[in-house]
Amino acid sequence: EVQLQALGEGLVQPGGSLRLSCAASGFTFDDYGIGWFRQAPGKEREGVSCINSQGDGTYYVDSVKGRFTISRDNAKNIVYLQMNSLEPEDTAVYYCAASQDVVSLYLRVRGNDYAMDYWGKGTQVTVSS
């Protein structure tokens, strides 16, 4: 059974940090690129960042560039999203998704309508004082 789970729910103050994890099982993890997405209340889901299958290629949307860092540990089947200098605008439910087609993954994070192979359940991030 394929499982993809975003973990690391938290409430942090503006300027704070939080690390999310995306834990995967049931598929050949190192054959897939992984993307992070988020959905704020009343807004559409948007891409945040993605990483290719070997971890040597990453992409960030402009709003998080320089503040968020994506990484992966293929031995543990986990992708991380380190979020620093958090802002209230980062408040959202965060999801991870897997795609064997890295081009589709990059394009989906950039806002184009491409299907992902697997989606995980989300985790809530709230940035508030």
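Below, each value reflects all heavy atoms present in this structure, side chains not excepted, and no hydrogens, waters or symmetry copies.
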Look up atom OG in Ser129 and atom CD in Gln13, then write down how far apart they are to the nearest 0.5 Å. 7.0 Å
Shared ILVMFWY cluster between Phe37 and Val2, side chains joined below 4.5 angstrom? yes
If you round to the nearest 0.5 Å, how far is CD of Gln39 from CD of Gln124? 11.0 Å
Can you tell if the side chain of Val125 reaches within under 4.5 Å of the side chain of Val127, non-hydrogen atoms only? yes
Return the OG to CD distance between Ser21 and Gln5, rounded to the nearest 0.5 Å. 10.5 Å
For the hydrophobic clusters of this structure (ILVMFWY residues joined by side-chain heavy atoms under 4.5 Å, transitively), does one cluster hold both Val12 and Tyr80? no
Are Met83 and Arg19 close enough, and set up right, to give a side chain to side chain contact (heavy atoms under 4.5 Å, CB included), and what steps lead you there? CA-CA 6 Å; Met83 305 185 296; Arg19 188 176 78 164; over 6 Å; no
If you compare all heavy atoms of Cys96 against all heavy atoms of Ala6, which two are closest, and at what distance to 0.1 Å? SG-N, 4.1 Å
Test of understanding: with side-chain hydrogen bond (donor to acceptor under 3.5 Å, both in side chains), list the residues that count as partners of Gln82, not counting sequence neighbours. Asn84
Within a strict 4.5 Å, meaning less than it, do heavy atoms of the Pro88 and Pro14 side chains meet? yes
Please report the closest heavy-atom contact between Cys50 and Val109, naming both atoms and the distance. CB-CG2, 3.7 Å
Verify side chain to side chain contact (heavy atoms under 4.5 Å, CB included) between Leu18 and Leu20, making sure each step is shown before the conclusion. CA-CA 7 Å; Leu18 195 66; Leu20 302 182; 4.2 Å; yes
Among the clusters formed by ILVMFWY side chains lying less than 4.5 Å apart, do Trp36 and Ile78 turn up in the same one? no
For residues 85-103, which residue pairs pass the side-chain hydrogen bond (donor to acceptor under 3.5 Å, both in side chains) check, not counting sequence neighbours? Arg38-Asp90, Arg38-Tyr94, Arg67-Asp90, Asp101-Ser104
Just wondering, are more than 12 heavy atoms of other shown residues or ligands nearer than 6.0 Å to NZ in Lys65? yes
Please name the pair of heavy atoms, one in Leu81 and one in Ser49, separated by the smallest distance, quoted to 0.1 Å. CD1-CB, 4.3 Å
Looking only at heavy atoms, which two atoms of Val48 and Val64 are closest? And how far apart? O-CG2, 3.7 Å
Look up atom CG in Asn74 and atom OG1 in Thr28, then write down how far apart they are to the nearest 0.5 Å. 11.0 Å
If we ignore hydrogens and angles and just use 3.5 Å, is the side chain of Gln54 paired with the main-chain N or O of Asp30 as donor and acceptor? yes
Phe29 side chain near Arg72 side chain, heavy-atom distance below 4.5 Å: yes
Shortest non-hydrogen contact from Leu7 to Ala23? CD1-CB, 4.3 Å
A cation-pi test, strictly: NZ or CZ of Arg110 under 6.0 Å from the centre of the six-membered ring of Tyr59 and no more than 45 degrees from its axis. Yes or no? yes
Could you tell me whether Tyr118 atom OH has more than 12 heavy atoms of other residues or ligands within 6.0 Å of it? yes
Considering non-hydrogen atoms only, spot the tightest contact between Ala24 and Leu4 and give its length. CB-CD1, 3.5 Å
Between Phe27 and Tyr32, what is the ring plane arrangement, given parallel below 30°, perpendicular above 60°, and tilted in between? perpendicular
Side-chain contact test, heavy atoms from C-beta onward, threshold under 4.5 Å: evaluate it for Asp31 versus Ser53 and give yes or no. no
